[in-house]
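Read through the structure below, which is laid out as structure tokens, and then see the notes.
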Number of protein chains: 2
Amino acid sequence: MDLEAVRTFVAVAEAGQFQLAAADLSITQQAVSKRMATLERDLGVRLFTRAPRGVALTIDGQAFLPQARELLRVADRAVASVRAGSRPLRIDVINSRGAASGLMRDFHRAHPGIELDVLMLLDIEQAVTAIRSGTIDASFRAVAAPGRPLPGNVESVRVLDEPLELLTGPAHALAGARSVTVAQLAGHRIWMPGLAPGTEWAAYYDDLVAEFGLTIESTGPNFGSDALLDTIADTPALATFMGGHTRLIWPAGHGLRRIPVTGPVPVYPHSFLWHRDNPHPALATLRAHLATTTAGRNAGTWVPNWAIPH
Amino acid sequence: MDLEAVRTFVAVAEAGQFQLAAADLSITQQAVSKRMATLERDLGVRLFTRAPRGVALTIDGQAFLPQARELLRVADRAVASVRAGSRPLRIDVINSRGAASGLMRDFHRAHPGIELDVLMLLDIEQAVTAIRSGTIDASFRAVAAPGRPLPGNVESVRVLDEPLELLTGPAHALAGARSVTVAQLAGHRIWMPGLAPGTEWAAYYDDLVAEFGLTIESTGPNFGSDALLDTIADTPALATFMGGHTRLIWPAGHGLRRIPVTGPVPVYPHSFLWHRDNPHPALATLRAHLATTTAGRNAGTWVPNWAIPH
DNA sequence: TCTGATCCACAACCCGGCGTTGTTCACTAA
DNA sequence: TTAGTGAACAACGCCGGGTTGTGGATCAGA
């Protein structure tokens, strides 16, 4: 049974004749006649009485009409339930207060009508799996070889280089510096709790450590950024790295210092990842939005070798 | 959107892979792949994640699955609501106690599983209209030129010649006769209340009157057969005609007499009428049943000229 | 790392169904 | 009888969906 035939049946029942229904449906009367003949053959009953001034429903046609209307209603509802754009765009970010969140806030300001669902997955691997399986629509992550397609038709484009800053308490040896070079950090203890091994940002800091001889400790449990800030503020021997675009709930009276890092500027390379065949219209909108805000790579910055675009 | 595609979608979702679903549906895997690609294109979303060990539903696919099941359920119900044979066969008879009712009782005894809906319309014209419009499936009526198709593809076949009998009270002049000839009835008052002009049985008695010089009165309101029988029983000057196959609720103690009429025997020519294209299977069963019980025309009987078969 | 197994996608081809145009048929009204 | 209305029939072209054949991606096991 063909839904178009059912739709035609309802149109004919309402119009009372084939020709008018055909005009409504923008097809010929002969096509309507054929559709109804086929439908009657499929159902095994006569639905209409053909008369010279039009058609009338038979008993069976009268019984079928409400069923047909219900069928079309359910069909329309089924289509609407998955209509492109009907569900929120699901976006993974590396950090709820990081640069990616800022980009999404910008996007939301520019397109307030688009529903968003921002979440945090564990790492790049999980994110790519989720994109491939359709669980999420896109992700902001540091990716190896941005611009080169990942397996499973996942595409990526580098959208933002976020400079790292040093965060210290007021009693730290570098607290008074206007800026520090990466080389100056050698010998200082950098504490980054929650830097889980195997994740892409752990790999980023591994490369940073290997290249510039830093000391980064990720020991101890991660009690969240508030606890981290408290500890940094109170401990002269500890500093930490923080994305320059991070929006902090700035603890009052702690005297925390954000110190730019230079020579070169280590930047965290955020890429945007999405599935090539994802037809969600809001995804295209987001990509277009990002394209307008994406800056070229700056000289004098450092990223791991694996993160250099091709 | 194609219902077959929706059915395939559900099959794939249950099977977890295209090949198995294809085997279930007795089509090739490629056909399933094409159907799903088309469905995804029509809906504008991806429904499955393709993986080397099968497929998994995306978020949209998960949302669509219950809608698809509901859609198929409604479609099946719609088809069932008009499945051939699912509704009672609607048959018109000229009289609820007459020969046609007897034929339907026989049929019901032979096929107790077939639901019947026996009703009484006004006359042959209304019956033919109802058959053409699909309101009823068949009718037992006296018809002009039985065997010749009526307008609108209504067919007819003569199935039963019902001899008329004279019904008198005990005090009637002919009450003691074993049988009477039509000629003997001339001069007697025949009373037939409810013989509405324009109906085919009025036409029958008009011809009978014209040919044999009878006197038939159809004056007075029709209070039903019980009132008729009471009046006939109590009135020596009145008699009435009655179909020989009529099943009477015989009033006790009234002394009513049923007297056969001969020379020739006037018979009421019951034909069976139905629409040529009516596909109701029970209708075919009924026609087959009637064909076995239909007797040839007997010699020595009378019917109006218009009722002689071609 | 290589190979075979598994499973989906793509390409080429074929056929049937559907819509079109042109025409005929059935019935009604004047 | 004739004109008008409306559905059915016939012939034809084209698109969609089926098939076979093949390629590509992934995973298990040697």
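Chain letters run A, B, ... following the sequence lines, proteins first and then strands; every chain starts at 1. Every value quoted in this text rests on a predicted model; they were computed, and no experiment measured them.
Taking every nucleotide of DNA chain C with any atom under 4.0 Å from a non-hydrogen atom of chain A, the first and last of them, 5' to 3', are C:dG19 to C:dT28.
Remark: side-chain polar atoms of A:Q19 are not paired, donor with acceptor, to backbone N or O of A:T28 under 3.5 angstrom. Of the possible donor and acceptor atoms, none in the side chain of A:R46 sits under 3.5 Å from a partner among the backbone N and O of B:G134.
Distances shorter than 4.0 Å separate none of the side-chain N or O atoms of A:Q29 from OP1 or OP2 on D:dG6. The phosphate of D:dA7 (OP1 or OP2) has no side-chain N or O of A:S33 nearer than 4.0 angstrom.
A straight line from CG of B:D42 to C1' of D:dG17 spans 13 Å, rounded to a whole angstrom. When the C1' atom of D:dG17 is taken as reference, atom CE of B:M36 falls 12 Å away, rounded to whole Å. Atom pair B:F18:CZ and D:dT26:C1' shows a separation of 16 Å (rounding to whole Å applied). To the nearest angstrom, P of D:dT5 lies 11 Å from CD of A:Q17. In this structure, A:I27 atom CD1 and D:dA8 atom P are separated by 13 Å, rounded to whole Å. Here the P atom of nucleotide D:dG16 and the CD atom of B:E4 are 18 Å apart, to the nearest Å.
The nearest heavy atom of DNA chain C to B:R53 and to A:D2 marks one nucleotide each, and the one closer to the 5' end goes with B:R53. Between B:R41 and B:Q30, it is B:R41 whose nearest contact on DNA chain D lies nearer the 5' terminus.
Each of A:V159, A:I91, A:V93, A:L286 was evaluated against A:L103; a single residue qualifies, A:V159, per the side-chain contact (heavy atoms from CB on, under 4.5 Å) test. Applying the ring pair (Phe, Tyr, Trp, His ring centres under 6.0 Å) test between B:Y268 and each of B:Y204, B:W201, B:F140 identifies B:Y204 as the sole match.
Screening residues 22-47 of chain B for ring pair (Phe, Tyr, Trp, His ring centres under 6.0 Å), with sequence neighbours left out, gives no hits.
B:H270 and B:F272 have their aromatic ring centers separated by at least 6.0 angstrom.
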